[in-house]
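Here's the structure we're looking at; comments come further down.
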Amino acid sequence: MSETLLLVGLQWGDEGKGKVIDALSSRFEIVARFQGGANAGHTVQIGDEKFILHLVPSGILHPGTLCVVGNGVVADPGGLLDEIDALRERGVEVGENLAVSDRAHVVMPHHKVMDRASESELGEGKIGTTGRGIGPCYADKAARCGIRFAEMLQPRVFRSRLDALMDLKNRILVEIYGREPLDTDAIYEEYCGYAERLRPFVRDTVAILHDALRQGRSILLEGAQGSLLDLNFGTYPYVTSSAVVAGGAPVGTGIPPGRINRVLGVAKSYCTRVGEGPFPTEQANEAGALMRERGNEYGSTTGRPRRCGWLDGVALRHTTALNGVDALSVGLLDVLSAFETINVCTGYRVDGRTLEQFPASLETLGAVEPVYEQFPGWQSDITEATEWEHLPAPARNYLEAIERIAGAPVQFVSVGPERNQLIERKADD
Ligand code: GDP
Ligand code: IMO
Ligand code: MG
């Protein structure tokens, strides 16, 4: 049956989206990214082979799946070419199965320099970005001075856009940030080289997706980051610069909202965060270290150790509602097999009262005291489980509690990083 399924992360990213997308992509003809850029790191493990995808959609490992980099993505052309080359070197076909939107914005050298310069300027108050130029590129897009792939492919247009831009950008780099100016001629040459190599991939992806919808083809929309990093609804300003939530998908692909049939929300069975910003259930202690060790919680993009903590049910309820989640995929459940007792935050206490909603104010969020509900652990190996009933009763009990807290049913459970370590719950489970 033709279906448009939208998959989004419900926490601070790294929920295991790449793994689930890869596992589901055999059921879809198209996999399309709609936001973010190379700040994403989506891991797919097939047998002992591990792939980390940054810009190329996680459906690429399924031959025959068309992968679309949508108009809402900001793409670093050099990084994209490196990723394509690395995949090809490992025997993955990348050709007509990859389409990059002509409306996607190009990450330019000054975006990366400014990302890092602004972080060092902020010092202690830094966001903890991935340094991939994401914020400055989206800022230029909003300021209407960005360059899209459509312009990059036309040398004369590209040159005039670049000339109009670089004078001001270099003044900011030199006079505000005290950096070296960038050489416009060198950038032009470098990016014209990228343009020629990427030309075969750059397409009108809006037309491709609309044709696909007309032909009844199935589409999986791949979210990057997580809803708590969303520009509008996340822990602002400790967020990324795109619309991560389900609402970003129509804008970032051109697919009308009414054509999205279902939303699958992906969450970890606990929480992690990379970068700065409040994290009420963080466990900067032995429990957090055990999660980090068992879950191999180091950034896929930057290698930074991820901050770890218990599942935050208040935040999960908030993001489940924001995304209109129809079903949940709960991952890394095997990581919790080591714990005798598992905590879930079901309320925030602040100034002697319980908050009903996830607060906008970071000062409030930073001051909340999580109220925990405790669940017995199962302390047995679940990595071989392939059916819901293979899971020990305490594990099923924990998943059912997550359903109640989040307000959506659990459809998938991931019990290991490998493609096949995914349980799909049947209707009568
Ligand atoms: P994404 O950004 O949401 O795609 O997630 P990442 O790939 O950045 O991080 C998820 C990490 O957990 C990766 O190292 C995955 O290989 C791994 N992973 C995914 N699902 C599971 C799981 O169920 N169990 C375990 N142990 N690891 C998992
Ligand atoms: P995936 O798709 C986890 C975080 C950064 C930083 C903040 C802003 O793999 O889940 P940015 O470079 O976007 O300006 O950084 O957002 N961040 C992520 N954290 N997973 C990601 O992507 C992330 N992408 C950005 O660490 O805190
Ligand atoms: Mg990741």
Side-chain angles (χ1 to χ4, degrees), residues 7-23 33 35-46 49-55 57-58 73-74 76 107 111-112 114-116 118-119 126-139 222-231 234-242 244 266-279 291-304 306-307 329-338 381-383 385 412-423:
L7 182 146
V8 281
L10 297 179
Q11 294 156 325
W12 281 286
D14 305 327
E15 297 91 347
K17 300 177 293 294
K19 183 233 153 108
V20 178
I21 289 156
D22 167 71
R33 277 273 306 265
Q35 45 68 237
N39 49 353
H42 294 178
T43 314
V44 175
Q45 196 180 312
I46 303 168
E49 281 231 62
K50 190 166 153 179
F51 296 86
I52 298 177
L53 299 151
H54 299 287
L55 275 165
S58 306
V73 171
V74 292
D76 175 1
V107 174
H111 294 140
K112 291 188 268 188
M114 281 185 186
D115 191 356
R116 289 171 200 154
S118 125
E119 285 282 275
K126 70 178 194 292
I127 308 291
T129 72
T130 59
R132 300 295 166 105
I134 305 300
C137 187
Y138 277 116
E222 171 174 355
Q225 287 78 54
S227 304
L228 298 170
L229 292 171
D230 178 85
L231 182 59
T235 50
Y236 191 89
Y238 299 99
V239 293
T240 191
S241 301
S242 64
V244 173
V266 182
K268 268 180 190 166
S269 57
Y270 52 100
C271 271
T272 61
R273 172 162 209 171
V274 231
E276 310 305 315
F279 179 0
M291 291 172 195
R292 185 173 311 109
E293 182 200 316
R294 289 185 56 86
N296 188 26
E297 295 292 2
Y298 295 89
S300 314
T301 298
T302 58
R304 291 178 289 179
R306 295 177 182 149
R307 299 156 64 192
S329 177
V330 177
L332 293 104
L333 191 64
D334 52 306
V335 172
L336 294 185
S337 299
D381 183 7
I382 57 168
T383 57
F412 295 99
V413 183
S414 176
V415 292
E418 215 273 334
R419 182 186 259 181
N420 294 322
Q421 288 176 301
L422 188 71
I423 298 172

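Remember, it's 1-based here, ligands and their atoms both numbered in the order they're listed. Computed from a predicted model, the values in this text were never measured in an experiment. Here, residue 1 is the first one in the sequence, and each next residue gets the next number.
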Inset, instruction - Answer with yes or no whether the side chains of R304 and T302 bring together a donor and an acceptor at under 3.5 Å. - result: yes
Legend entry - Protein heavy atom at shortest distance from atom 5 (C) of ligand 2: G128 O, 3.5 Å
Inset, instruction - Taking all non-hydrogen atoms of both residues into account, name the closest pair between S242 and Q225 and its distance. - result: OG-OE1, 4.2 Å
Legend entry - Close-contact set for ligand 1 against G18 heavy atoms, below 4.0 Å: 4 (O)
Inset, instruction - Write out the residue and atom name of the closest protein heavy atom to atom 13 (O) of ligand 2, then the distance separating them to 0.1 Å. - result: T240 OG1, 2.6 Å
Inset, instruction - Considering the heavy atoms of A40, write down every atom of ligand 2 situated less than 4.0 Å from one of them. - result: 1 (P), 2 (O), 9 (O), 22 (O)
Legend entry - For atom 15 (O) of ligand 2, the protein heavy atom that lies nearest, with its residue and separation: T129 CA, 3.3 Å
Legend entry - Any N/O pair R132/ligand 2 closer than 3.5 Å: no
Inset, instruction - Could you list the atoms of ligand 2 found under 4.0 angstrom from a heavy atom of A224? - result: 2 (O)
Inset, instruction - List the closest protein heavy-atom neighbour of atom 10 (C) of ligand 1: residue, atom name, distance to the nearest 0.1 Å. - result: D14 O, 3.9 Å
Legend entry - Backbone of D230 reached by a side-chain donor or acceptor of Y236 within 3.5 Å: no
Inset, instruction - Please report the shortest heavy-atom distance between A385 and I423, naming the atom on each side. - result: O-CG1, 3.6 Å
Inset, instruction - Answer side chain, backbone, both or neither: which part of D334 comes under 4.0 Å from ligand 1, heavy atoms only. - result: side chain
Inset, instruction - Spell out the protein N/O/S atoms under 2.8 Å from the Mg ion (ligand 3) as residue plus atom name. - result: D14 OD1, G41 O
Legend entry - Among E119, H42, R273, R306, closest by any non-hydrogen atom to atom 2 (O) of ligand 2: H42
Inset, instruction - Please report which non-hydrogen protein atom sits nearest to atom 12 (O) of ligand 1, along with the residue it belongs to and the distance in Å to one decimal place. - result: L332 CD2, 3.7 Å
Legend entry - The one among G331, G416, G16 that brings a heavy atom closest to atom 21 (C) of ligand 1: G416
Inset, instruction - Check G416 against S414 and note the closest heavy-atom contact, atom names and distance. - result: O-OG, 3.3 Å
Legend entry - Structural part of V266 in contact with ligand 1, heavy atom criterion under 4.0 angstrom: neither
Legend entry - Distance from atom 26 (O) of ligand 2 to nearest protein heavy atom, with residue and atom: R304 NH2, 3.0 Å
Inset, instruction - For atom 22 (O) of ligand 2, find the nearest protein heavy atom and state the residue, atom name and distance (0.1 Å precision). - result: Q225 NE2, 3.5 Å
Legend entry - Element-labelled atoms of ligand 1 that are located less than 4.0 Å from some non-hydrogen atom of S300: 6 (P), 7 (O), 8 (O)
Legend entry - Nitrogen or oxygen of G41 less than 3.5 angstrom from that of ligand 2: yes
Legend entry - Heavy-atom nearest option to atom 2 (O) of ligand 1, drawn from G226, S329, G41: G41
Legend entry - atom 12 (O) of ligand 2: nearest protein contact (heavy atom, Å): T130 OG1, 2.6 Å
Legend entry - Side-chain donor-acceptor contact under 3.5 Å, Q45 with Q421: no
Inset, instruction - Provide, to 0.1 Å, the distance between atom 17 (C) of ligand 1 and the closest protein heavy atom, together with that atom's residue and name. - result: P417 CB, 4.1 Å
Legend entry - K17, portion touching ligand 2 at heavy-atom distance under 4.0 Å: side chain
Inset, instruction - Could you tell me whether ligand 1 has any atom less than 4.0 Å away from a heavy atom of Q45? - result: no
Legend entry - Heavy-atom closest pair, residues R33 and P57: CG-CG, 4.0 Å
Legend entry - For atom 8 (C) of ligand 2, the protein heavy atom that lies nearest, with its residue and separation: V239 O, 3.4 Å
Legend entry - Qualifying residue, where the test is side chain to side chain contact (heavy atoms under 4.5 Å, CB included) with L332 and the options are E15, K19, R294, K268: K268
Inset, instruction - Please could you name the atoms of ligand 2 that V274 approaches to less than 4.0 Å, counting only its heavy atoms? - result: 3 (C), 19 (N), 26 (O), 27 (O)
Inset, instruction - May I ask you to check if ligand 2 and D14 share an N or O to N or O distance below 3.5 Å? - result: yes
Legend entry - Distance-only N or O hit between ligand 2 and N39, under 3.5 Å: yes
Inset, instruction - May I ask you to identify, for R419, whether its side chain, its backbone, both or neither come under 4.0 Å of ligand 1 on a heavy-atom basis? - result: neither
Inset, instruction - Could you pull out, from T43, V335, L53, L336, the option with a heavy atom nearest to atom 14 (O) of ligand 1? - result: T43
Legend entry - Donor-acceptor under 3.5 Å (E119 side chain, I127 main chain): yes
Inset, instruction - Can you see which heavy atom on L229 is nearest to which on G13, and at what distance? - result: CD1-N, 4.3 Å
Legend entry - Close-contact set for ligand 1 against S414 heavy atoms, below 4.0 Å: 20 (N), 21 (C), 22 (C), 23 (O)
Legend entry - Any donor-acceptor N/O pair, S227 side chain to Q11 backbone, under 3.5 Å: no
Legend entry - I382, T383, V415 screened by side chain to side chain contact (heavy atoms under 4.5 Å, CB included) with S337, the one that passes: I382
Legend entry - L229, portion touching ligand 2 at heavy-atom distance under 4.0 Å: side chain
Inset, instruction - Taking only heavy atoms of G275 into account, list the atoms of ligand 2 that are under 4.0 Å away from them. - result: 27 (O)
Inset, instruction - Look only at the side chain of R273 and the backbone of R307, and say whether a donor-acceptor pair between them is shorter than 3.5 Å. - result: no
Inset, instruction - Look at atom 11 (C) of ligand 1 and find which of R294, H54, R306 reaches it with the closest heavy atom. - result: R306
Inset, instruction - State the atoms of ligand 2, each with its element, that fall below the 4.0 Å cut-off from a heavy-atom position in W12. - result: 3 (C), 19 (N)
Legend entry - Modelled atom types, side-chain donor and acceptor of T129 and D115, under 3.5 Å: yes
Inset, instruction - Verify, without hydrogens or angle tests, whether E222 (side chain) and L7 (backbone) share a donor-acceptor contact under 3.5 angstrom. - result: no
Legend entry - Where ligand 1 meets K19 - atom numbers and elements under 4.0 angstrom, heavy-atom basis: 20 (N)
